[in-house]
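Just so we're clear, the structure is a prediction, and the values are computed from it rather than from any experiment. Lettering of chains follows the sequences in order, A, B, ..., and the numbering in each one begins at 1. Every heavy atom of this structure was used, including side-chain atoms; hydrogens, water molecules and symmetry mates were not.
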Protein chains: 4
Amino acid sequence: MSDMIDTLRHDEKMTPKQIEILKAAIELISEKGYYNTSTSEIAERAGVAEGTIFRHYRTKKDLLIKIVKPVITDFSASFFAEQFVHQVFREKYGHFEDLLYAFIKNRFEFAQSNVPLIKILLQELAFHPEIQTAYKRAFSEKVYPALNQAIDFYKQKGELRDLPNETIIRMVVPSVLGFMMTRFILKPDQNWDDEAEIKQTITVIMGGVGGT
Amino acid sequence: MSDMIDTLRHDEKMTPKQIEILKAAIELISEKGYYNTSTSEIAERAGVAEGTIFRHYRTKKDLLIKIVKPVITDFSASFFAEQFVHQVFREKYGHFEDLLYAFIKNRFEFAQSNVPLIKILLQELAFHPEIQTAYKRAFSEKVYPALNQAIDFYKQKGELRDLPNETIIRMVVPSVLGFMMTRFILKPDQNWDDEAEIKQTITVIMGGVGGT
Amino acid sequence: MSDMIDTLRHDEKMTPKQIEILKAAIELISEKGYYNTSTSEIAERAGVAEGTIFRHYRTKKDLLIKIVKPVITDFSASFFAEQFVHQVFREKYGHFEDLLYAFIKNRFEFAQSNVPLIKILLQELAFHPEIQTAYKRAFSEKVYPALNQAIDFYKQKGELRDLPNETIIRMVVPSVLGFMMTRFILKPDQNWDDEAEIKQTITVIMGGVGGT
Amino acid sequence: MSDMIDTLRHDEKMTPKQIEILKAAIELISEKGYYNTSTSEIAERAGVAEGTIFRHYRTKKDLLIKIVKPVITDFSASFFAEQFVHQVFREKYGHFEDLLYAFIKNRFEFAQSNVPLIKILLQELAFHPEIQTAYKRAFSEKVYPALNQAIDFYKQKGELRDLPNETIIRMVVPSVLGFMMTRFILKPDQNWDDEAEIKQTITVIMGGVGGT
DNA sequence: CATGAATGAGGGTTCATTCAT
DNA sequence: TATGAATGAACCCTCATTCAT
């Protein structure tokens with residue numbers, strides 16, 4: 001759990017207490033939700049006075065945002081910006097399926113080490129406009145363009161049907177998300193053969209969007 | 001909006017005030033969430049005194065449950081119990097695709113006339129064990145057995161690959177849910193060609209699970 | 001003390017609890033000041049739950065305003081609007097001194113039965129823009145015009161020196177206020193011969209502004 | 001502004017930081033009042049750490065007292081102790097009016113260069129017993145005796161009516177204070193002909209208390 | 001002497017719930 | 001049955017003050 005925070009990028013150096021607060025907040029909020037978690041609980045679990053929370057995070061909501069934003073940023077940015085697009089065009093992934101595999105694998109591992117954070121993100125997305133905004137921006141600026149480029153690329157190679165990109169994305173994304181939600185949130189305790197599941201998911205997707 | 005309630009089964013005869021309260025609660029909670037909606041707001045919009053709410057619903061949470069349970073019950077029960085299974089075996093649906101079409105169509109229409117209720121269900125599912133229990137029971141008692149029977153039936157007819165039922169369900173359900181969530185919740189305002197989308201979704205699913 | 005509230009005009013009928021709250025707030029705030037009085041103290045002295053205060057007064061500050069505004073309104077309005085001007089021109093007051101006497105006497109009695117309220121007004125005027133606005137408006141719309149008319153009237157009769165009205169007002173008002181503040185706030189416990197003091201004050205004022 | 005502090009007597013040698021704190025506190029408190037000014041604000045404007053304030057001033061209230069006491073001391077003491085009485089008896093002021101003029105002029109200039117301090121004094125006088133005590137002592141020990149002597153002196157010369165000293169003081173002091181409050185606090189921005197106003201004020205006072 | 005992170009008591013406010021009418 | 005005034009626990013947040021560095 002403690003490395004969960006480390007995997008995300010936080011701008012400033014954080015004091016030990018700050019980390020403790022963040023960890024406690026993530027645990028509690030992911031278990032019980034934002035509105036069912038009081039700042040005094042967070043303080044208690046963090047081993048800190050309640051006032052200390054507000055020294056580091058102006059508001060309870062600010063704390064939530066500070067928890068959730070890096071997840072959005074990292075989830076959308078890291079993969080795409082640095083490796084994804086470049087490697088597509090360097091022909092690292094011969095087939096769309098290979099790309100899909102690398103993509104899902106990567107996001108899968110990210111999700112795996114950030115389950116509580118992702119739970120919080122999904123749970124609170126509905127209620128906090130600030131999060132929605134950040135989410136939409138990340139998607140439209142990072143994820144969507146990258147996907148678009150990749151789809152165009154594989155279309156030209158005849159690996160994808162000639163459907164509107166929009167449609168293809170709507171086939172791919174929910175399938176992946178649906179799998180991950182089932183895997184990590186709905187039935188996290190079940191025995192999973194992750195490798196097999198990922199391949200299965202890819203098969204489904206390719207059945208729907210793959211070239212004839 | 002007003003018929004939304006009528007489409008669901010409520011055990012007892014409801015007084016006009018009770019209906020007014022339910023309607024107000026559904027509107028407000030689906031817009032702003034359970035924790036951001038106060039009972040006084042609900043009372044005000046329902047044109048009722050605050051105390052009246054608690055005459056009909058023991059607690060605020062009881063009100064939520066009374067809103068959400070019929071959705072679960074109906075969503076899972078109605079179709080399967082009365083029409084689905086029977087008609088499958090009466091060979092009404094020659095191919096799995098036909099069944100899938102009827103199934104999605106039916107659930108689609110249900111969702112369409114119950115968007116606010118479904119929003120509430122999805123949003124609050126995460127936070128209220130009572131809802132989770134009801135949901136799980138409905139799924140394991142109603143949906144899962146019905147699906148199982150149908151899958152077995154079409155497997156024997158060679159219309160479905162020889163995958164574990166569990167796996168097939170995991171292909172079908174998230175695809176359908178993913179489509180509906182996108183359609184009704186994430187992008188409800190977009191221009192949708194629903195018929196085409198449903199067929200698209202079926203194609204995807206069949207690509208993944210259909211017999212060779 | 002209990003009639004203090006009755007002397008002021010409150011728009012709506014007030015419940016007993018509301019009156020109790022108002023009385024407690026007036027007592028405490030006039031003794032210790034707004035910022036040194038907590039809502040829990042007010043509730044306790046009023047024999048009421050803390051929440052009850054906020055049912056009747058949206059905010060602690062709202063409570064303050066509701067206390068102070070009627071003082072301003074009454075202090076400025078009552079006398080002038082209804083009796084003052086009309087009677088001046090009906091020549092009820094033969095000499096300016098007579099008017100001054102009636103005026104001071106009237107305000108003196110008002111002050112006498114509203115000492116705590118006036119203390120609050122004077123103490124908090126400095127810190128709350130809302131009060132300042134109300135005060136300025138009352139003065140410029142009610143008090144100042146009335147004084148102006150009266151002064152013009154007595155100037156024509158040769159009872160007042162030919163000084164700018166502005167100047168005359170600046171002689172009269174601080175003298176009266178200064179007397180009252182000394183009388184009721186700075187040294188309320190001293191033995192006062194009020195009648196003599198009022199006459200004394202008039203003499204001083206007339207010495208400064210009276211016609212030769 | 002910076003010389004404001006210099007005009008007052010502070011017992012101990014002050015470090016630069018101490019002066020900075022005092023200046024910041026005076027500015028902020030005179031603008032927003034004692035209770036609306038936090039020690040962290042003062043620290044920030046003074047360019048000092050929060051803890052530093054408490055190194056020099058035991059408590060926040062101690063800081064207030066240290067700000068306000070010199071004003072009281074100086075206002076009451078300086079003039080009277082050193083120049084006033086002695087010069088009265090050296091017949092420097094032939095007439096009571098001359099004394100009054102010198103007196104008002106002197107206090108006027110003092111006020112002029114200490115507006116923020118005087119604002120603080122007036123605003124907080126009501127709420128802090130410590131300040132009230134200091135104020136009363138200063139008045140009864142310094143101002144009152146000096147005035148008494150002077151009044152007796154001019155009474156014997158027939159320049160003042162045979163009223164109780166107490167009464168005469170109550171005519172003089174509020175008039176002067178009333179003028180200054182109007183001048184510096186209520187309407188500081190208006191165009192003032194100070195010399196004329198002072199003379200006007202003297203005329204009023206003499207009209208009230210001057211010998212026949 | 002100076003710092004600033006940490007404290008924790010206390011503040012104002014909200015709101016689900018109760019109950020006399 | 002319906003009301004709505006009253007409740008009081010719980011909440012988020014502020015801030016003067018302390019103390020290890």
Could you pull out all residues at least two apart from [X] that satisfy salt bridge (Lys or Arg N to Asp or Glu O under 4.0 Å)?
X	answer
K136(D)	none
E44(B)	none
E31(D)	none
R45(D)	E27(D)

Given atom [atom1] of [X] and atom [atom2] of [N], what is their separation to the nearest angstrom?
X	N	atom1	atom2	value
I29(D)	dA16(F)	CD1	P	10 Å
I42(D)	dT14(F)	CD1	P	18 Å
E20(B)	dT1(F)	CD	P	18 Å
D62(A)	dT14(F)	CG	P	11 Å
Q18(B)	dT3(F)	CD	C1'	17 Å
K32(A)	dC11(F)	NZ	C1'	13 Å
I21(A)	dC12(F)	CD1	P	14 Å
E44(B)	dA2(F)	CD	C1'	17 Å

With H128(A) via ring pair (Phe, Tyr, Trp, His ring centres under 6.0 Å) - residues at least two apart
Y34(A), Y35(A)
Each stem that DNA chain F is part of, given as range with range (3 or more consecutive Watson-Crick or G-U pairs, under 3.5 Å):
E:2-21 with F:2-21
Comparing K17(B) and G47(C) on DNA chain F - which has the more 5′ nearest nucleotide
K17(B)
B/S/- along nucleotides 12-21 of chain E (protein heavy atoms under 4.0 Å) is BBB-BBB---
Would you mind telling me which residue lines up with the more 5' stretch of DNA chain E, A49(D) or I53(A), judged by nearest nucleotide?
A49(D)
Partners of A46(D) by side-chain contact (heavy atoms from CB on, under 4.5 Å), sequence neighbours excluded?
E20(D), I21(D), A24(D), V48(D)
Residues passing the side-chain contact (heavy atoms from CB on, under 4.5 Å) test with A43(C), sequence neighbours excluded, are E50(C), I53(C)
Passing option when H56(A) is tested against K66(A), K17(A), Q18(A) for side-chain hydrogen bond (donor to acceptor under 3.5 Å, both in side chains)
Q18(A)
Ignoring backbone atoms, test whether H56(C) places a side-chain nitrogen or oxygen under 4.0 Å from the OP1 or OP2 oxygen of dA6(F).
yes
Is the backbone N or O of T37(D) less than 3.5 Å from a side-chain atom of K60(D), with the two atoms forming a donor-acceptor pair by type?
yes
